[in-house]
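Here the structure is laid out as structure tokens; the discussion comes afterwards.
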Amino acid sequence: MAKKIRVGVVGTGMGRHHMEAFAKLEDVELLAVCDLNLPEAHEFADKFGASHVFGDYREMFAMPELDAVSIATPNCLHAPMTIDALRKGKHVLIEKPMALNASLARAMVAEAKKAKRRLMVEQAMRFSRDAQLLRGCYDRGDFGEVYYARSTWIRRKGWPRLNFEPGGSMGRGEWFIRKQEAGFGALGDIGVHLLDLAWYLMGNPKPVAASAMMWNKVAAPILKRRHMPVEVDETTCGFVRLEGGRVIVLEVCWDSHNAPIQEVRVYGDKGGCSAFPARLYRGEEILETVDLGTAYGGYPITEAYAHFIDCIRDPKKKMIASGEEIVDVMRMLDGIGRSAATGREVTLK
Ligand SMILES: NC(=O)c1ccc[n+]([C@@H]2O[C@H](COP(=O)([O-])OP(=O)(O)OC[C@H]3O[C@@H](n4cnc5c(N)ncnc54)[C@H](O)[C@@H]3O)[C@@H](O)[C@H]2O)c1
């Protein structure tokens, strides 16, 4: 077997799922774990068999024997950590949202090009079985010409920090609800997944404009009572125009007085689909509904990590969710934020 790819993971929240996935891959050695919380870094290094533990990511990235790093830290650290790792010659898998904004995302891509290293964004849902089956339908032409998609992720009580278990594997940090550190609220946390998935199932048409509204209504009184910041969007409703007259409508909510939903629908002139679970709808006069697969099954989605490793081994392999591609997702997020702030449709930069 070829030499194992040696990986280090930063962050022990969502990062523990990265470790679990890498530890399952035969051609990978999980070499190092880093977190400011050293006892937790040791706990997960022991659990998943990593031999090195760090509290300072710069020291970990300086390890010459490390080939790649996988980063699951607060959003404001994504760009600086990625750029530092690339400058030290590491391939990088970075959590979503890729960065705080599109211009930082572009800087990350430029650095990856300069360093000749691979940069992938952990748009995990693309790698779910549902998404891959449905993207297969798109690639085969089952949808015909796709003109519209709608993504909806509604939670009844799902603010990170406020409603998540403190001892759980994610959503623990207060940074999630501070604008400077998170960039966005529900939009950057869960909206980015389903916005990206709709766009991926439409074949990634170039985004051109956005119109949106954001609200912070349901949890605000609780946050104020607990002296916690009320800074980021709780509910976002967006309308994104794409090249060729296509549109994505996005509805995302951390907290609402309504029924939880997690769904993506894609509309084409020959067929359409919905996830989750994955279903294909087609037929002109005789209508057909094809049940394709299981509903999305939770973390870790090992295929994402395996794909990252395959792309390191084969520098020419077309990467799913490359940094370069996800810059367009960051442009959409930026545009949604700017439109909500200005109250009018904005052209995407
Ligand atoms: N792909 C997904 O489906 C998914 C799911 C959950 C979270 N995420 C993303 O993962 C990232 C982390 O989210 P989380 O839920 O794990 O957050 P979290 O707050 O639970 O954990 C973040 C961890 O980063 C550590 N950290 C902070 N600053 C650090 C530094 N300078 N050096 C080393 N470690 C540092 C913290 O100590 C903490 O353990 C976020 O970007 C989030 O959007 C992605």
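- Salt-bridge check for D67 with K3: passed, with a basic side-chain N closer than 4.0 Å to an acidic carboxylate O.
- Taking the side chain as every heavy atom from C-beta outward, E29 and I5 never approach each other to under 4.5 Å.
- Of the possible polar contacts, none joining the R313 side chain to the D310 backbone as a donor-acceptor pair under 3.5 Å is found.
- The side-chain hydrogen bond (donor to acceptor under 3.5 Å, both in side chains) test with T12 singles out one residue from E43, H42, E40, and that residue is E40.
- The closest side-chain donor-acceptor pair between E234 and W215, if any, does not fall under 3.5 angstrom.
- Here CD1 of I261 is found 9.5 Å from SG of C253. Values are rounded to the nearest 0.5 Å.
- At a threshold of 4.5 Å between non-hydrogen side-chain atoms, the residues V240 and L250 do not count as touching.
- The closest side-chain heavy-atom distance from T82 to E111 is not below 4.5 Å.
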Give every donor-acceptor pair under 3.5 Å between a side-chain atom in residues 186-200 and any protein atom, sequence neighbours left out.
unit_1, atom_1, unit_2, atom_2, d
D189, OD1, K96, NZ, 3.4
D189, OD2, W254, NE1, 3.0
D196, OD1, R126, NE, 3.3
D196, OD1, R126, NH2, 2.7
D196, OD2, R126, NE, 2.7
W199, NE1, P205, O, 2.6
Y200, OH, Q132, NE2, 3.1

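- The ring-ring contact (aromatic ring centres under 6.0 Å, His included) analysis of residues 303-349, with sequence neighbours excluded, yields the pairs H18-Y305, F22-Y305, F127-H307.
- Listed by first then second residue, pairs satisfying ring-ring contact (aromatic ring centres under 6.0 Å, His included) with a partner in residues 329-349 number zero, not counting sequence neighbours.
- With a 4.5 Å cut-off on side-chain heavy atoms, D142 and K270 do not count as touching.
- With hydrogens and angles left out, the side-chain atoms of N204 and E325 include a donor and acceptor closer than 3.5 Å.
- Checking S128 against D130 by side-chain atom types alone, no donor-acceptor pair falls below 3.5 Å.
- By the 4.5 Å heavy-atom criterion applied to side chains, V252 and T235 are not counted as neighbours.
- Between R135 and D139 there is a salt bridge, since a side-chain N of the basic residue sits under 4.0 Å from a carboxylate O of the acidic one.
- Proximity of M19 to V33: side-chain heavy atoms (C-beta onward) are separated by under 4.5 Å at one or more points.
- For the pair R118 (side chain) and I312 (backbone), a donor-acceptor distance under 3.5 Å is absent.
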